[in-house]
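Quick notes on the structure that follows.
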Amino acid sequence: MAAINWRTINIDALDPEASTNFDLASLSPPVAQVSASDVQNLAGQIRQLLRGGDTEGALRGALESAPYGSDERGKELHLATVIEILQSIRQSDMTPLLQRIYQSPGGSELLDVLMKYLYRGMAQATPLGSKTDSPQPTGFSQISGRGTAEGGGQAMSVLLSWHEKTVEIAGQGSIVRVMTDRRTV
Amino acid sequence: MAPEVHHLFHRPIADHSFSADRQTLAVTRDSAIELYQRSGNKYVLQDELKGHDKTVTGVDIAPNSGRIVTCAQDRNAYVWEPSPTGWTPTLVLLRLHRAATTVRWSPSETKFAAGSGARIIAVCHFEAEDNWWVSKHLKKPIRSTVTSVAWHPNSVLLAAGSADGHARVFSGFVKGVDERPAPGVWGERLPFGTVCGEYLNNSAGWVHGVSFSPSGDALAFVAHDSTVTVVYPSGPDQAPRAVISLTTQLLPFMSLVWKTEDEILAAGYDCEVYRLQGSESGWSLVGSFEQSGRPGMQAQPEESALNMFRQMDLRGKVKDDTQLKTVHQNTITMMRQYDGAPGALTKFSTSGVDGRVVVWSA
């Protein structure tokens, strides 16, 4: 008996009613399935708006149609679209634009979606393309190759200034909602 | 009126409860419950209830009988009854395999409900024949830890908030203990375990606090996605008339009380109490209970240059910014009704991680 450390037994595996034995989908509201090609079509429409100079309409459209039910490829496509829009808006236009969206009906939810894309973008900004990144034993990852580092840095600075402006308007609540929401982008 | 602040100790308070005459205050402190007695305008430590051997997570004093129920992470509950020689505990076996998280007497005081980390709510009543507290389990469809429970004024319906993001309404009807409730908006026939409602937010944050409105015809819950949701049911087996979810710019709320049918007070990680007003057509945040320029909370007094440079030298900063501008100096985790009839709350109390119990005028 003494040889068994009972604290290390995974009791959930022995319990048929354990929380590991049910479908996690029931914990979140249902989302509609979206295929990657739909996302692609949408991206085309949004780019059209963007070329026409309607950045607010493009951003709104992109945030309203966030493809929660899509696969990884569709989500990545949409992320690229959102980041393209964000990069095309000038710093001085950010606050008035966010304010207009926030004050419109359902605006607080749109800013929550924007916040999700900001974090998703930040999570991705560095590793993109730079295969030479290797996590060091110290836990830090080193970026080699000047070009990618600068590109990533610029994208990051855009995201950070959007983040600052969004928190100013939607408050810390929007950050908390990104963390709790199971509908990921 | 300025809030009445009682700084009891430097430990987090998981739960607190006042007796009906407000002369006794019970607070949880580690694995014991401390009883404070009012003397003048202070509460003085008078007694300590020891019996649990893990952190106590809930305490509730029954207003009429004066019995105290407590629950702890040791998976047990005790009912403490006053006797000439002190408080006598009765162990209640909740039959849980995870910690009990919260406990509340039903308004009839014949039953209590304890939430737990075992995805179970134990509804307990006293069997006089066996001289024993019996625990019945509400299990389905709870998918995660029950964080809070609240009774309906009819003592039959029970609301529970859970870490799976759902707020649910159950029937806690026990034959022989409860009278058959009148049919209402939540349902007509209510055998034990009936699920009368199940509500989920879009952003699906885990629920911290639930509460029925004073009439019992609406349910409000606060969740970790910084939302307050109010549900107005329309009748048994029908979709609710209205579900209003208010997303706030603030950090999440931990607890809430209803002041009237159209006013909710909520508090949490912002260390402040907020006032919300609304009805079936919509709710909105109207303000905070913190006032600027509260006595004792003013700006730091003018300091001498010598002192300033000494502070900079010693601590590397000019201003002492370790104090928050709010009454509570840390997260508020529990709000309770203190005075006033249901539906006309005049005072409420809050407790939190900073070891303070504060009584506010609503």
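Everything numeric in this text was worked out from a predicted model, so none of it was measured. First the proteins, then the strands, lettered A, B, ... as listed; each starts at 1.
Of the atoms belonging to Tyr102(A), it is side-chain heavy atoms, and not backbone ones, that fall under 4.5 Å from chain B. At a 4.5 Å heavy-atom cutoff, the contact between Leu250(B) and chain A is made by backbone atoms alone. Contact of Ile175(A) with chain B is not made at all, since no heavy-atom distance falls under 4.5 Å. For His224(B), the parts sitting under 4.5 Å from any heavy atom of chain A are the backbone and the side chain alike.
Side-chain N/O atoms of Ser37(A) and Ser35(A) include a donor and acceptor closer than 3.5 Å. Inspection of the His78(A) and Ser70(A) side chains reveals no N or O donor paired with an N or O acceptor under 3.5 Å. Residues Asn201(B) and Ser203(B) have side chains that never bring a donor and an acceptor to within less than 3.5 angstrom of each other.
Under a 4.0 Å N-O distance rule, the pair Asp181(A)/Arg183(A) qualifies as a salt bridge.
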